[in-house]
Amino acid sequence: MTKQNKAFKFRLLPNKEQAVLLAKTFGCVRLVYNKMLSERQETYEKYKDDKEMLKKKKFPTPAKYKDEFPFLKEVDSLALANAQMNLQKAYKNFFEGNAEFPKFKNRKSKQSYTTNMVNGNIELQDGHIKLPKLKLVKIKQHRQIPDNFKLKSCTISRTKSGKYYVSVLTEYERDIQPKKIENVVGLDFAMSELYVSSENEKANYPRYYRVMSEKLAKAQRILSKRKKGSARWNKQRLVVAKLHEKVANQRMNFLHHKSKELASNFDAVVIEDLDMKGMSQALHFGKSVHDNGWGMFTTFLAYKLKEQGKQLIKIDKWFPSTKKCSCCGAEKKMSLSERTYHCICGFVADRDYNSAINIQHEGIRLLALA
């Protein structure tokens with residue numbers, strides 16, 4: 001039996017008093033994070049040439065600021081403690097070379113905070129959730145959390161359009177047996193389709209952002225002409241935020257359905273380990289790459305396969321899947337404008353379909369080695 005974590009996200013419907021307290025908590029978490037970051041920056045500048053001293057240096061806890069800012073006592077102390085932990089994690093990532101130096105948060109930053117389960121302070125009760133300081137808050141619980149799932153923490157967030165959500169992190173034990181691999185599919189990333197499979201099936205991604213682009217452009221033009229901070233500007237800002245949110249929700253829903261379909265039908269899925277950020281910058285396809293959400297799709301696919309004892313296999317990004325003939329193995333150069341693969345052996349196929357077959361073959365080879 002292994003311990004697994006799973007999150008359940010629900011819409012949160014706070015009353016006016018609870019909404020005010022949530023706004024205070026978001027602000028206090030941001031304040032504590034920035035104060036601690038400021039102190040760490042000063043220490044870093046002072047001891048940046050002495051790495052050992054930096055590691056030994058002890059930093060204050062959020063409790064230090066409660067005398068200077070008494071309003072910090074009004075909000076959940078666990079939220080402030082988690083802000084400290086998030087900063088420590090950001091610093092660790094920086095020193096390990098996995099991230100840039102932590103940045104200060106402003107009011108435009110994502111509004112969220114995390115609180116932990118301690119002595120039954122978080123509890124789900126008939127369409128409500130009990131949270132520290134907030135007490136019972138109404139939620140739209142569209143699915144039940146199994147009884148054997150143990151609540152660990154909650155992350156409360158507010159979107160740009162003013163909607164509140166709570167993500168409930170749970171822990172459960174499950175005996176996941178590795179699945180015998182019989183059906184393997186290869187997926188080749190496609191800019192407009194999302195992917196083309198080795199079964200010659202296309203994802204047919206609807207390109208939600210492109211479809212919505214005219215509405216967004218019109219709404220943003222209206223916003224740009226209004227006085228910033230005015231009531232009419234704020235009303236139009238919400239219109240723009242809701243359009244962006246709709247696109248994001250449509251994309252996420254589509255990716256969940258496609259990843260579930262693949263995880264249900266195949267024992268292993270093979271993809272290329274692509275650098276999407278580099279690809280969008282190098283080829284100037286930023287909007288198209290961000291629109292189809294390939295990174296989000298692979299994340300969904302990975303955990304859905306893992307839950308069933310199946311595998312997601314990533315092959316090297318330099319593997320010549322496009323240049324190689326899936327029939328005879330010969331290689332030739334292919335320009336981006338060529339959409340059909342023609343081989344000297346007589347094999348003719350769609351460029352992406354040929355690549356998907358090569359990715360599938362390479363995945364099967366790696367599985368045999370493993």
task = Please find out if less than 6.0 Å separates the ring center of Phe101 from that of Tyr91.
result = yes
message = Quick one: does any side-chain atom of Asn265 pair with a main-chain N or O of Glu261 as donor and acceptor, under 3.5 Å?
response = yes
ask   = Just wondering, do Lys152 and Asn5 contact through their side chains at under 4.5 Å, heavy atoms?
value = yes
task = Kindly indicate whether the side chain of Ile315, heavy atoms from C-beta on, has any atom under 4.5 Å from the side chain of Ile271.
result = no
key: Minimal non-hydrogen separation, Tyr353 against Ala349, with atom names   = CD2-CB, 4.2 Å
ask   = Does Ile129 share a hydrophobic cluster with Ile145, counting links as ILVMFWY side-chain heavy atoms below 4.5 Å and allowing steps through other members?
value = yes
ask   = In terms of ring plane angle, is the pair Phe300 and His256 parallel, tilted or perpendicular, where the classes change at 30° and 60°?
value = parallel
query = Just checking, any donor-acceptor pair under 3.5 angstrom between side chains of His361 and Lys324?
reply = no
message = Counting only heavy atoms not in Lys66 (residues, nucleotides, ligands), do more than 12 fall under 6.0 Å from its NZ?
response = yes
key: Path from Ile357 to Phe319 over hydrophobic side-chain contacts below 4.5 Å   = no
key: Gln250 side, atom CD; Asn253 side, atom CG - distance, nearest 0.5 Å   = 8.5 Å
task = Show your working on salt bridge (charged side-chain N to carboxylate O under 4.0 Å, His left out) between Glu171 and Lys150 and close with a plain yes or no.
result = CA-CA 5 Å; Glu171 183 182 78; Lys150 182 182 176 184; 5.1 Å; no
ask   = Does Glu193 pair with Arg207 as a salt bridge, N-O distance under 4.0 Å?
value = no
ask   = So how far is it from Lys64 NZ to Asp67 CG, rounded to the nearest 0.5 Å?
value = 11.0 Å
ask   = For the ring-ring contact (aromatic ring centres under 6.0 Å, His included) test, which of Phe26, Tyr164, Tyr33 pairs with Tyr113?
value = Phe26
message = Show the nearest heavy-atom pair for residues Val185 and Ser198, with the distance to one decimal.
response = CG2-OG, 3.5 Å
ask   = Can you tell me if Asn34 uses its side chain to pair, donor with acceptor, with the backbone of Lys105 under 3.5 Å?
value = yes
request  = Would you indicate whether Lys260, at its atom NZ, is surrounded by more than 12 heavy atoms from other residues, nucleotides or ligands within a distance under 6.0 Å?
outcome  = no
Donor-acceptor contact present, side-chain Ser77 to main-chain Lys73, <3.5 Å = no
key: Test item: Ser355 side-chain N/O and Arg351 main-chain N/O as donor-acceptor pair under 3.5 Å   = yes
task = Might you work through the side chain to side chain contact (heavy atoms under 4.5 Å, CB included) test for Glu123 and His128, ending with a clear yes or no?
result = CA-CA 8 Å; Glu123 191 179 350; His128 292 79; over 6 Å; no
key: Pairwise side-chain contact, Leu305 with Gln311, heavy-atom cut-off 4.5 Å (strictly under)   = no
query = Same cluster for Phe266 and Phe297 if Ile/Leu/Val/Met/Phe/Trp/Tyr side chains link at under 4.5 Å?
reply = yes
request  = Establish, yes or no, whether the cationic atom of Lys92 lies under 6.0 Å from the six-membered ring centre of Phe94 and within 45° of the ring axis.
outcome  = no
task = Kindly state whether the ring of Phe189 and the ring of Tyr195 have centres lying under 6.0 angstrom apart.
result = no
query = Do we see a donor-acceptor contact under 3.5 Å between the side chains of Thr155 and Thr114?
reply = yes
message = Is there a continuous path of hydrophobic side-chain contacts, each under 4.5 Å between heavy atoms, that joins Leu22 to Leu136?
response = no
request  = Examine distances only and state if a side-chain atom of His244 and a backbone atom of Lys242 form a donor-acceptor pair shorter than 3.5 Å.
outcome  = no
message = For the CZ atom on Arg11, are there more than 12 heavy atoms of other groups (residues, nucleotides or ligands in this structure) within a distance under 6.0 Å?
response = yes
inquiry  = What I'd like to find out is whether the side chain of Thr340 reaches to under 4.5 Å of the side chain of His342, using heavy atoms alone.
reply    = yes
inquiry  = One thing to verify: whether Lys24 and Glu74 come together as a salt bridge, which I'm taking to mean a side-chain N less than 4.0 angstrom from a carboxylate O.
reply    = yes
request  = Would you confirm whether Glu39, through its side chain, and Met36, through its main-chain N or O, come within 3.5 Å as a donor-acceptor pair?
outcome  = no
query = Could Lys9 and Tyr165 be counted as a cation-pi pair, given that NZ or CZ must be under 6.0 Å from the ring centre and within 45° of the axis?
reply = yes
task = Can you establish whether the number of heavy atoms outside Lys202 located under 6.0 Å from its atom NZ is more than 12?
result = no
message = Testing the 3.5 Å rule here: is there a donor-acceptor pair between the side chains of Ser109 and Asn106?
response = yes
request  = Begin from the C-alpha positions of Leu21 and Leu134 and carry the test side chain to side chain contact (heavy atoms under 4.5 Å, CB included) through to its verdict.
outcome  = CA-CA 7 Å; Leu21 186 54; Leu134 293 166; 3.7 Å; yes
query = Do Thr61 and Gln84 meet the criterion of a side-chain donor-acceptor pair at a distance under 3.5 Å?
reply = no
ask   = More than 12 foreign heavy atoms under 6.0 Å from NZ of Lys332: is that the case here?
value = yes
note = For Val196 and Ala356, the nearest pair of non-hydrogen atoms, with its separation, is O-CB, 3.3 Å
key: Polar contact flag, side-chain donor to acceptor under 3.5 angstrom, Asn116-Asn82   = yes
query = Any donor and acceptor pair, going by atom type alone, linking the side chain of Thr170 with main-chain N or O of Lys6 inside 3.5 Å?
reply = yes
request  = Taking the side chain as every heavy atom from C-beta outward, state whether Tyr208 and Lys246 have any atom pair closer than 4.5 Å.
outcome  = no
task = Please confirm whether the backbone N or O of Ala263 pairs with a side-chain atom of Lys310, one donor and one acceptor, at under 3.5 Å?
result = yes
inquiry  = Through direct or indirect side-chain contacts below 4.5 angstrom among Ile, Leu, Val, Met, Phe, Trp and Tyr, which residues connect to Leu13?
reply    = none
inquiry  = Counting neighbours of CD on Glu100 that are heavy atoms of other residues, nucleotides or ligands and sit closer than 6.0 Å, is the number greater than 12?
reply    = no
ask   = Quick one: do Met296 and Tyr303 end up in the same hydrophobic cluster if we chain Ile, Leu, Val, Met, Phe, Trp and Tyr together by side-chain heavy atoms under 4.5 Å apart?
value = yes
message = With a sphere of 6.0 Å drawn around CD of Glu17, does it hold more than 12 non-hydrogen atoms of other residues, nucleotides or ligands?
response = no
ask   = Would you say the side-chain atoms of Glu362 pair up with the backbone N or O of Ile359, donor to acceptor, closer than 3.5 Å?
value = no
ask   = Which atom pair, heavy atoms only, marks the closest approach of Pro146 to Phe8?
value = CD-CZ, 4.2 Å
query = Per the side chain to side chain donor-acceptor pair (under 3.5 Å) rule, which among Arg232, Arg237, Gln236 passes with Asn234?
reply = Arg237
task = Establish, from distance only, whether the side-chain atoms of Ser321 and Glu272 form a donor-acceptor pair under 3.5 Å.
result = yes
message = So for atom CZ, which belongs to Arg339, do other residues, nucleotides or ligands contribute more than 12 heavy atoms lying within a distance under 6.0 Å?
response = yes
query = How close do Ala268 and Ile313 get, heavy atom to heavy atom, and via which atoms?
reply = CB-CD1, 4.0 Å
query = Is the Lys NZ or Arg CZ of Lys35 less than 6.0 Å from the centre of Tyr65's six-membered ring, within 45° of the axis?
reply = no
inquiry  = If you compare all heavy atoms of Gln144 against all heavy atoms of Gln141, which two are closest, and at what distance to 0.1 Å?
reply    = OE1-NE2, 3.7 Å
request  = Go through the side-chain N and O atoms of Asp76 and Thr115 and say whether any donor and acceptor fall under 3.5 Å apart.
outcome  = yes
